[in-house]
*Asks:* 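Got a structure here, written out as C-alpha cells. Questions coming.
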Amino acid sequence: MNKYIPSQIEPKWQKKWAENGVYLTDLSETKNKYYVLVELPYTSGDLHMGHWFTFTMGDILARFKARQGFNVLFPNGFDAFGLPAENAAIKKGIHPRDWTYQNMERMRVQFETLGASIDWTKTMVACDPKYYKWNQWIFLKMLERDLAYRGKLMSNWCPSCQTVLANENVENGKCWRCGNEVEQKEVDQWLFRITSYADRLLWSDPPQADWPKSLREGQNDWIGKSEGMEIEFPVVQDTSKLKAYTVFPETIFGVTYMVLAPEHSLVRKLVVKDREKEVEEYIRVSQKKSELERKAEGREKTGVFTGAYCINSVNGKKVPIWIADYVLADYGTGAVMGVPSSDHRDFEFARKYGLEIIRVIGKSASDQSKVLLMDDVLEEGILVNSEQFSGLKTPEEAREKIKDWLEEKGWGKRQVQYHLHDWSISRQRYWGTPIPIIYCEKCGTVPVPEKDLPVELPYEVDYAPKGKPPLATAEDWVNTECPKCSGPAKREVETMDTFVDSAWYFFRYLDPENDAEIFDKKIAKAWMPLDIYIGGPEHTLGHALYSRFFTMVFKDLGLVSFDEYAKKRIHHGTILGPDGSRMSKSRGNVVNPDMEVKNYGADAIRLYLMFLGPFDIVTSWNPDGVNGVYHFLQRVWGLQEKVTTNSVILGSEATPESKEDSGQARMTQIDLRIMHKTIKKVTEDIEQLKFNTAIASLMEWLNHLSRKDRIEVEEYKVFLLLLAPFAPHITEELWENVILGSEATPESKEDSGQARMTNNWSIHQQSWPKSDSKFLEEEEVSVVVQVNGKVRDILVIQKDVISDKEVVETRALESKKVQKFLEGKSMKKTVYISGKVINFVVNSD
RNA sequence: GCCGAGGUGGCGGAAUGGUAUACGCGAUAGUCUCAAAAACUAUUAGUCGCAAGGCUGUGAGGGUUCGACUCCCUCCCUCGGCACCA
C-alpha cells in the first residue's frame with residue numbers, strides 16, 4: 001500500500017473530473033432540480049480561508065444532493081468591478097482590467113485546488129460587456145418605468161479633487177488622496193426608486209421565505225415603516241405653513257416649539273433680520289460636519305432661534321421656530337414639532353435652551369407633575385392637559401381619535417414614512433458599468449437605445465484626474481452622436497454601483513451566453529428560485545436587499561413569477577486568524593490556503609473547516625487542528641489494508657447468491673447497526689447543515705472499524721460514499737483502488753480504464769447510501785435510575801419489557817446503589833419515561 | 001440606546017426537557033525505538049478520598065418541573081448590525 005500523499009492524488013482527480021465533465025449540469029433536465037449558490041467572490045487576488053469555508057459548504061450540499069438523485073446546479077462567477085481594482089491602478093499603475101483578469105485566473109486555479117464541483121460553463125464576470133450589457137438594459141427598463149431618475153443626494157465631497165468620495169475613502173474626515181477636509185454637498189445622482197418597493201420588501205410573519213431572522217428584522221428596521229401624521233403649522237409672519245411629521249400626534253397639545261433641519265427650504269425665508277447672521281453661521285458649521293464628526297460629538301444638541309413663530313392650530317398657541325441639526329432634512333418633512341414632555345431629544349433641547357415644557361402624558365388622569373428630569377418624560381400613559389382628549393389612554397385610545405379629529409379639522413393628514421432611501425447608483429469612477437445615457441444640447445438627456453447596448457468601457461483613461469470622473473478623460477468615447485437628432489452629444493461619464501452587478505447575477509448563470517435577452521424565461525421558471533443561498537451577514541442591508549428589489553422589478557417586467565429569489569438563505573461564519581482577530585495582511589495573521597494545501601491537502605482543509613463547528617461559527621484557525629483531521633484521513637487510507645474483498649475470501653465456494661449478501665453475512669449486528677446509524681446521522685446532519693457532527697459520527701465509525709481485524713468491502717464502500725462530499729479526492733482514489741478494484745475480474749480489469757471512464761466510474765456519480773431502520777433496533781436498552789433527579793445507576797433492560805413500568809421499577813429497586821439512597825426515606829412517587837429514565841422521588845430529610 | 005446571535009473542560013465544540021462534556025485538538029503516562037518523530041494503548045471538568053464512592057459543576061441570581069445547558073423572569077458579559085428616524 002502506498003502512503004497517503006494528497007499532492008499526488010488531488011491534482012490527478014481534479015484534472016480527470018474536468019476532462020470528463022463530471023460536474024456539468026444539464027439545464028434542460030428540470031425534474032428534481034436543486035440550485036445551490038454561494039455569494040460570488042470579488043476578484044481580490046487570492047481565495048482566502050473565508051472562500052474555502054463557504055464554498056466547501058456549498059460543495060458538500062451540491063455533491064450530497066446530486067448523490068440523492070437531484071439535478072444539481074452549483075455555479076460560480078466573479079464580482080469583477082469595483083474600487084480596489086481602480087485603487088490598484090492608481091497606486092501600482094496596472095490597468096484595472098489587467099489586474100482583475102490576472103486575479104481571476106489565479107482564483108480559478110484555486111477553486112480547482114479546493115476540489116469544488118462547480119460547473120464553470122455557467123458563469124458570469126461582472127466586467128465582461130456580455131454581462132454588464134444587461135445591467136444597462138435593466139437601467140433602461142427602470143428608466144421607462146420611472147424607477148430610475150436623476151436626483152440630488154448629500155455626499156462626501158472633496159473640494160480639492162472636485163469629486164465625490166466613498167465612505168471608505170474618507171479617513172478621519174479627510175480625503176484619502178489629497179488630505180483635504182471633506183464636505184457634505186448635494187450632488188446630482190442617478191437613483192433607483194427602491195422606496196416604491198418598500199412595502200413589498202417588508203418581511204411578514206411568518207416570513208415569505210426561509211431567510212435568517214437577523215436579516216429579516218434588520219431589513220424591516222432599515223426599511224423603517226412608520227405610520228404617522230403630517231401636521232400643518234401656519235407661520236405667524238406670512239402665509240406659509242410649516243409641515244411637521246410625527247408618529248405621536250396625540251402629543252399635539254404639548255407642542256412648545258418647532259425645529260427645522262438646517263437644510264430646510266423655508267429656513268432663509270423665515271429667519272428674522274436681526275438673527276440672520278447667527279442662523280447663517282449655524283447652517284455653515286453644521287453643513288461642514290461630516291457624519292463622523294456628528295457621531296463623535298455624541299448627542300449633544302445644538303440649535304439656533306430664527307426669531308419666527310408659528311401657530312399650533314389645536315389651541316391657537318404661538319410657538320417659536322428653531323433650527324437644529326438633530327432634525328434630519330431627508331426624513332419626514334425636515335421639520336419636527338417639539339414636545340419636550342414626551343420626547344427625550346426634545347426634552348434635552350428644551351432644557352438646554354430654556355423652552356417651555358407642558359406635560360400632556362401623565363401616569364394618571366390627574367398627573368400634573370412637572371417634567372424636570374429625563375425620567376419624567378413619558379411616551380405612554382394617560383393624556384392630560386389635552387382638552388377633550390384628556391383622560392384617554394395612549395397610544396391605545398387616543399392616537400387614532402386625535403388622527404381622525406386632526407384630519408376632520410383639516411390640520412393634518414395621515415402619512416406613511418420610510419427610513420429607506422432611494423438607491424444611489426452613480427459612481428464617479430472608471431471601473432464599473434457605464435450608465436447608458438447621452439446628453440444632447442438639443443434633446444437633453446437621452447437614453448442609449450437598446451440596440452446600441454452595450455456601451456463598452458473605453459480602455460484608455462486617466463484614473464485619477466482632478467475635478468472630473470475618469471471616464472471624462474476618454475474624449476473619443478465621451479463625444480458621440482445623439483441617438484435622436486444625430487447632433488453632437490456627450491456620454492454620461494458616471495458608472496454604476498457594483499451592487500447592481502450582484503443584484504441579479506444568479507439569473508444569468510442560467511443562460512450566460514444569451515445575447516438576445518437577459519435570460520431565458522423558461523429556464524428561469526424551471527430553475528429559480530434558488531434552493532439555498534449561502535452568504536455573509538454583512539450583506540443584510542446591501543446586496544441581500546437590492547437583489548430582492550431587482551427580483552421584484554423582474555417580476556413586474558414579466559420576466560419571473562415570484563417575489564423572492566431564494567427559498568432559503570443562510571449566513572455563514574467567519575474564520576479568524578490564529579490570534580483570534582480578523583485575518584488581515586496588516587496584522588500578519590493571514591492563513592494562506594495554498595500553503596495549508598501544500599502541507600495537508602485540500603481534503604484535510606475542507607474537513608477541518610467543516611469540523612470546526614456549526615456553519616455560522618465565528619472562530620479562529622488553530623494550526624494544530626488540521627493535524628486532527630489529517631490524521632483521520634490517514635487512518636481512513638490505512639484501513640484499506642484490512643478490507644477483504646469478496647473474490648479473495650470466498651474463493652471457489654462462493655455461489656452467486658452468497659456472493660450477493662456475503663458482505664453483510666460477515667458483518668455482525670453491531671457492525672450493521674453502526675453502519676446504518678452513521679448513514680442516518682450523516683444524511684440528517686448534512687440536510688440540517690450540521691457538517692461538524694456529520695464528520696464526528698464518521699470518526700466514531702472509523703474508531704469502530706479500526707478495532708476490527710477485517711473490514712468488509714460493503715462497510716468500506718459505504719464509509720467512502722458518506723465521506724465523499726467532504727473529502728472528494730481521497731475517497732475517489734480509494735474508490736478506484738479498493739472498491740472498483742475488488743469488483744473487477746482479472747480480465748475486465750485489464751481494459752477497464754477506458755470503459756469505466758465513460759460510465760459512472762466516479763464515486764461522485766454513485767447513489768447515496770440508504771439507512772435501513774431494521775438494523776437500528778437494539779435488543780437491550782440502558783435506562784437511567786435517578787433518586788430525586790440524581791443519577792444513581794444505569795440498568796440494561798431487555799427491549800421486550802421496556803414499556804413495563806413494574807418490571808423496570810423492580811429491577812431498579814434491586815440495585816444496591818439505588819437502595820443506598822432510598823434507605824430510611826419514604827417514597828413519594830415514581831416517574832418512568834419509557835426506555836430512558838426512572839426517577840424515584842423521596843422525602844429528602 | 002435599539003435589534004439580532006451567543007456565554008458549556010486547558011482549547012474548537014456536542015447534547016434543545018431525561019446519563020452534561022460526543023468528536024477532535026492539546027496534555028500526561030506507557031508500548032515500539034539506540035534515540036527521536038510517527039504510530040498505537042490508557043488517562044484527562046473540579047474537588048474530597050488509599051479505595052469504594054461522595055460532593056460540586058453549563059456567565060450570575062431567582063423560578064417552573066419528578067428531572068433544566070435546554071423553558072420563564074432579572075442581571076452581567078461577548079460578538080454582529082443599526083442609530084439624533086420625530
Side-chain angles (χ1 to χ4, degrees), chain A residues 212-222 224-226 228-229 244-249 251 259 261 291 294-295 297-302 324-328 330-339 342-346 348-349 417-420 536-541 571 573-574 576 607-608 611-614 616-629 631-632 634-635 638 690 692-703 706 782-794 817 820-821 828-842:
Chain A
K213 191 179 176 191
S214 62
L215 177 145
R216 289 185 275 117
E217 302 203 345
Q219 290 193 345
N220 278 4
D221 287 352
W222 185 250
K225 183 176 182 175
S226 77
M229 200 152 200
Y245 177 76
T246 179
V247 292
F248 303 101
T251 63
V259 215
E291 229 171 280
R294 285 204 194 182
K295 272 181 194 166
E297 283 171 8
R299 295 173 182 218
E300 175 70 15
K301 307 271 174 297
T302 61
D325 63 9
Y326 81 86
V327 178
L328 307 174
D330 51 9
Y331 184 77
T333 59
V336 170
M337 57 185 216
V339 187
S342 287
D343 181 286
H344 292 96
R345 288 157 306 176
D346 293 348
E348 237 183 287
F349 190 76
Q417 277 295 331
Y418 298 94
H419 168 232
L420 184 71
E538 70 275 16
H539 291 120
T540 295
L541 305 180
H571 285 165
T574 314
L576 306 170
L607 211 52
Y608 171 65
F611 185 59
L612 264 177
D616 56 356
I617 193 177
V618 176
T619 194
S620 48
W621 177 272
N622 174 6
D624 291 329
V626 195
N627 277 327
V629 288
H631 184 205
F632 166 75
Q634 275 177 320
R635 289 174 66 201
K690 291 161 77 176
N692 55 332
T693 50
I695 295 166
S697 69
L698 283 168
M699 287 174 167
E700 284 180 72
W701 190 16
L702 175 78
N703 288 341
S706 301
S782 52
V783 173
V784 171
V785 186
Q786 299 179 334
V787 177
N788 283 349
K790 285 195 177 180
V791 179
R792 295 306 177 186
D793 202 359
I794 294 163
K817 292 177 187 168
K820 211 170 99 182
F821 291 92
K828 280 167 74 182
K829 70 168 159 174
T830 308
V831 180
Y832 177 55
I833 307 298
S834 183
K836 285 186 173 168
V837 64
I838 183 159
N839 189 12
F840 296 109
V841 186
V842 298

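Just so we're on the same page: letters track the sequence lines, and every chain starts at 1.
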*Asks:* Go through residues 617-625 of chain A and report each residue with a non-hydrogen atom lying under 4.0 Å from RNA chain B, sorted by number.
*Replies:* A/Ile617, A/Thr619, A/Asn622, A/Asp624
*Asks:* How many Å lie between CG on A/Leu612 and C1' on B/rG12, as a whole number?
*Replies:* 6 Å
*Asks:* Find the distance A/Trp701:CH2 to B/rA22:C1' and express it as a whole number of Å.
*Replies:* 18 Å
*Asks:* Looking at B/rA14, B/rG24, B/rG18, which one has an atom nearest to any side-chain atom of A/Lys836?
*Replies:* B/rG18
*Asks:* Just how far is it from atom CD of A/Gln786 to atom CD1 of A/Ile838, taken to the nearest 0.5 Å?
*Replies:* 10.0 Å
*Asks:* For a quick test of reading the model: is some side-chain N or O of A/Lys213 closer than 4.0 Å to OP1 or OP2 of B/rG81?
*Replies:* no
*Asks:* When the distance from NE2 of A/His631 to P of B/rA38 is rounded to whole Å, what number comes out?
*Replies:* 10 Å
*Asks:* Give none if B/rG6 has no partner; otherwise give the nucleotide forming a Watson-Crick or G-U wobble pair with it, both distances under 3.5 Å.
*Replies:* B/rC77
*Asks:* Can you check whether A/Tyr331 has a side-chain N or O nearer than 4.0 Å to OP1 or OP2 of B/rA86?
*Replies:* yes
*Asks:* How long is the line joining NZ of A/Lys690 and C1' of B/rA22, in whole Å?
*Replies:* 12 Å
*Asks:* Ignoring backbone atoms, test whether A/Asn692 places a side-chain nitrogen or oxygen under 4.0 Å from the OP1 or OP2 oxygen of B/rA14.
*Replies:* yes
*Asks:* So which one's nearest nucleotide on RNA chain B is more toward 5', A/Met699 or A/Val841?
*Replies:* A/Met699
*Asks:* Could you state the atom-to-atom distance from CZ of A/Phe611 to P of B/rA14 in whole Å?
*Replies:* 10 Å
*Asks:* In B/S/- notation, 5' to 3', how is nucleotides 43-52 of chain B contacted by protein heavy atoms closer than 4.0 Å?
*Replies:* ----------
